[in-house]
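What follows is a set of notes on a single structure, which appears directly below.
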Amino acid sequence: MRISVIGCGYLGAVHAAAMAELGHEVVGIDVDPGKIAALTRGEAPFFEPGLPELLQSHVATGRLRFSTDMAEAAGSTVHFIAVGTPQVRGGTAADLTFVDSAIDSLLPYTNPGDVIAGKSTVPVGTATRLAEKMGDSGAVIAWNPEFLREGWAVKDSLTPDRLVFGLPPEPADAATADAALREAYAPVLALDTPLIVTDFATAELVKVSANAFLATKISFINAMAEIAEVTGADVVQLAEAIGHDDRIGKRFLGAGVGFGGGCLPKDIRAFTARAEELGRGESVMFLKEVDAINLRRRQRVVDHVVDALEGEPHDKVVAVLGLAFKPHSDDVRDSPALDVAVRLKGLGADVRVTDPAAIENARARHPQLDYRESFEDTVRDAEVVVLVTEWDEYRHLDPSEVLPLVARPNIVDARNSFDPAQWRAAGWTYRGLGRR
Ligand code: UGA
């Protein structure tokens, strides 16, 4: 099948490569010439395990191409829209400028019967609005939300845990979109991947409600961490104990500095804004609390550091381990780690930061921080070490090997990744979040 993917960011570049891996002939299109040049060389413009290998093999065979020219989309049967929907400046709603301009510039190159499949996360009602905008072009729109996680994006794209097709109301259009999407995903469906075929609104809502649920689960356990902090309970043991109940489950009960990234934070805010527009703000009012709990955890980490410095952070050397919003990613969008580093810098601390993958992205946003390539350079002479992004290389640190490097043995474990007993036994003052 000939497929185009419009937007080659964290979502689109992986989707294009995955579609080529599934056997299709794919062109990825993006307005950013630098990104397209890198992809054309078979290089991933961002850190995503497994992506460079896929790109190299399919760019080499010519099955996967990249271009800045929308005319290259002509001749494809399915056009996936994978552009970003960031938070609007000065508000909480989603900015749909990129989605609208992708459709506007794509339409002249579509043929009647082509299927435009939206993958971007959008407010409910967007597909219906776009269908009206497409008028009598003869192309059909469907919504096919994406659930991939950064860091696991290749695996999530090739073996997703479910597929959702949101089809148009007219039966003939629905049949066209359904057939095209089934053909595009044939190898995935052959693996018995669950498929939910539904309407536009449900498909759009599946995506935002999934992210809202995940965010709520994290903020739930972080709220328990706040209670644990005033009662002497231990939130890690609490999470383990409630997680044994299958109805609750252990995953996404990791208490710590909270969630960040380009998806969860902006998606819950955009959902709230859309619900308010629909006159149902009260239905998702709790998401404002989810957001507030999440942001409070960042300040809690800063407070721990200030405590460790006896209230005097000025000019004190603080080592921050991690900048990406989570391990296995170089993404610093709404990163709790970067936020914590910037807040500490704002208090006058001599903040030294490092990350295995995200230094360049962080530097572009916050050039004022002191970036160090090596772990040793970062922690040397530190009065406090803060673990904020739980990369494996930090999780497996040996506290007795780090001890001789630092000025004072203070560790703040903002991801509850360490064994407090092991660090204390090695002579450190350990502070976790919601832990004894
Ligand atoms: C999230 C969803 O998990 C994907 O299903 C979805 O497709 C994606 O958003 C999207 O909308 O595109 P992602 O942003 O890559 O994926 O990251 P997650 O793995 O969900 O982690 C989000 C944040 O939650 C990270 O900052 C992570 O550190 C934090 N987190 C996660 C916790 O604080 N505690 C946990 O127990 C788990």
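FYI, side chains are in, hydrogens and waters are out, and symmetry mates aren't considered; it's all heavy atoms of this structure. All ligand and atom numbering here is 1-based and tracks the order in the structure. Numbering starts at 1 and runs along the sequence shown.
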> Is the Y430 to W423 ring centre distance short of 6.0 Å?
Replying inline: no

>> Using a 4.0 Å cut-off on heavy atoms, what residues surround ligand 1? Order them by chain and number.
In response: E146, F147, L148, R149, E150, K207, N211, L214, I218, F252, L253, G254, G258, F259, G260, C263, L264, D267, F325, K326, R415

> Is any side-chain heavy atom of Y10 less than 4.5 Å from a side-chain heavy atom of D330?
Replying inline: yes

> Going by atom types alone, do H328 and E150 pair a side-chain donor with an acceptor below 3.5 Å?
Replying inline: no

> Closest heavy-atom contact between S67 and V27?
Replying inline: CB-CG2, 4.4 Å

> What is the distance from atom CD1 of I141 to atom CG of D114, rounded to the nearest 0.5 Å?
Replying inline: 12.5 Å

Output side-chain donor-acceptor pairs under 3.5 Å for residues 250-267, partner residues at least two apart or in another chain, one line each.
| from | atom 1 | to | atom 2 | distance (Å) |
| --- | --- | --- | --- | --- |
| K266 | NZ | T85 | O | 3.0 |
| K266 | NZ | T85 | OG1 | 2.9 |
| D267 | OD2 | N211 | ND2 | 2.8 |

